[in-house]
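For reference, the structure discussed in these notes is given below.
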Amino acid sequence: MHTAYLTEAQYLSGLSCPKRLWFAYRDGACPEVSPSAGREQLLRAARLRMGGMREGNVAIAPEADAEERCFATERALANGARRVFGAALTCEGRLAEADALVRCAGGRIGVVYVCDGFRIPDSLTERAACFCVTLQTLGYTPAGVRVLRPDPNYVHGGTLVPEELLITEDITCRVQNRAGFAAQRLSEASDTVARRTPPGVDFGAHCFKPERCPYFGRCAEDAGLPSPNVFDLGGMQLTTKLRLYGEGKVSFEQLRTVKRLCATARMQLDAAEQGPETGIAVDREALAGFLGTLHYPLYHLDFETLNAPVPLYPGMRPYEFMPFQYSLHVQEAPGAEPGHTEYLAPLPDEREADPQREIAERLCREIPRDACVLAWCSGFEQGVLTGLGERYADLAPHLNAIAGNLTDLMLPFRKRMVVPAATHGSCSLKKVLPALFPDDPALDYGALEGVHNGAEAPDAFIRMALTAGEPRERIRRQLLEYCGLDTYAMVRILGKLTELAKGD
């Protein structure tokens, strides 16, 4: 049985709430996860910039468990390694990690992190401070902390040059200023996870920032909150929800007695009254008006885009935005079975040229200028189309015409013409689809292999570039299946909206 460590991810997640830290530690949550494909690229580039695997440099196997990595790191340091990549150390039940350790004059140890972005986040400085506390506790003398991050001015010239891609920033002073506080917070975190019961923390803004806490449901259950409750309402400011909670207006039944409640919340309450998971509130007149603006043939369009930290194609910069995939379902008449076309960009080793010209030309061939085009959250697709128009002036009139004809299929949900109770006010496609079609396996994103959402798609594309053979083809199939479901889902949702408008 492996030792349970307080990990950096758990520690950082608990800075906003000690109760969250307690749950995360007890559940073994915030586990060590494989780096994203983009980060993997950066780490490879950083190692090359630092000399790669020349004599005296040691790389700790990332797939090894924490104990093995800590043992390997201490052994490498004891044996005089010049650089240790993927370092991990443990002290007093805590696990601290760094992307590299560098042996400096006098036996001091330099700490190196690879930052994914152009700006160094506070969380990285906090991690570095905690790592230095661990180093000192183990008897080492830190020599300073450096961060390698992408240079926004770097342009891929055909061959990747790590020395030009990554620039160095010294954050030693920032880390030293935070070290004393970090030591105190680490001590407090250790005391928190040692408790037999969770700390008493009431609901507050910290439960929802930067996103809803993964333990909110458990806290709600422990506190006896009904389900659904005031925190499940969409279209309402968090401060209003917290005020109503403080006033004891928590259940939907209690909320129905509140006089000043926004129309969005009222519709959600009405939908839940029909059934908390199946109820749907519909403004048929407004919905019919929306559907009346559409004309056939209808083009359902969805893009997948990329902003890789290490540019994939010549002429591109770190984090430069580019579309790499689209799916297009076309309906010739209301209720008709759609035709389908799709595009997935070739990888740099398959065709070195930037694929965006080919994407733009195909879109102009497949979508007429005067077409009625549907997208979900259409501002995104509009931005992609106009961006391609700015890049290719000769295609701009056609691309801009397509962008100008976009209609947002999310609009009926955002404008509360249709409010499914199960979405809890969310307009996300991944929430709306299962709320409208709860038992249809063909529309289940969770049943897909490998790629389940828009965040995983660009990572899969980069990972595809790092593989070959059957693993590459498997990822290719996963991407095509995922993006195809996005547009097919819109076809099915449009059909459902038509039924709801008729009262079926």
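These values consider heavy atoms only, across backbone and side chains, with no hydrogens, waters or symmetry-generated copies. Nothing here was measured: the structure is a model prediction, and the numbers come from that model.
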Checklist entry - Given the side-chain rings of Y343 and F324, with only the six-membered ring counted for Trp, is the space between their centroids under 6.0 Å? => result no

Checklist entry - Under the salt bridge (charged side-chain N to carboxylate O under 4.0 Å, His left out) rule, what pairs show up with a residue in residues 405-431, not counting sequence neighbours? => result K430-D486

Review item, side-chain donor-acceptor pairs of residues 446-458, under 3.5 Å, at least two apart:
{"unit_1": "E449", "atom_1": "OE2", "unit_2": "Q478", "atom_2": "NE2", "d": "3.4"}
{"unit_1": "H452", "atom_1": "ND1", "unit_2": "E456", "atom_2": "OE1", "d": "3.0"}
{"unit_1": "H452", "atom_1": "NE2", "unit_2": "L448", "atom_2": "O", "d": "2.8"}
{"unit_1": "N453", "atom_1": "OD1", "unit_2": "A455", "atom_2": "N", "d": "3.0"}
{"unit_1": "N453", "atom_1": "OD1", "unit_2": "E456", "atom_2": "N", "d": "2.9"}
{"unit_1": "E456", "atom_1": "OE1", "unit_2": "H452", "atom_2": "N", "d": "2.7"}

Next on the checklist: Quick test of your reading: applying salt bridge (charged side-chain N to carboxylate O under 4.0 Å, His left out), list the pairs with at least one residue in residues 84-93, sequence neighbours left out, ordered by first then second residue.
Outcome noted: E92-R94

Checklist outcome for this item: With sequence neighbours left out, the residues meeting ring pair (Phe, Tyr, Trp, His ring centres under 6.0 Å) with W22 are none

Item to check | Qualifying residues under side-chain contact (heavy atoms from CB on, under 4.5 Å), relative to V330, sequence neighbours excluded | outcome: P297, Y299, L328, E332

Item to check | Partner set under side-chain contact (heavy atoms from CB on, under 4.5 Å) for C17, not counting sequence neighbours | outcome: K19, R20, V201, H206

Checklist entry - Looking at Y245 versus F231, is the centre-to-centre ring distance below 6.0 Å? => result yes

Checklist entry - For F437, is the NZ or CZ atom of R492 found under 6.0 angstrom from the centre of its six-membered ring and inside 45 degrees of the ring axis? => result yes

Next on the checklist: Just to verify, which of E304, H340, H300 counts as forming a side chain to side chain donor-acceptor pair (under 3.5 Å) with S327?
Outcome noted: H340

Item to check | Candidates L95, T137, L138 - the one meeting side-chain contact (heavy atoms from CB on, under 4.5 Å) with L89 | outcome: L138

Item to check | Considering all heavy atoms, the nearest V111-L135 contact | outcome: CG2-CD1, 3.7 Å

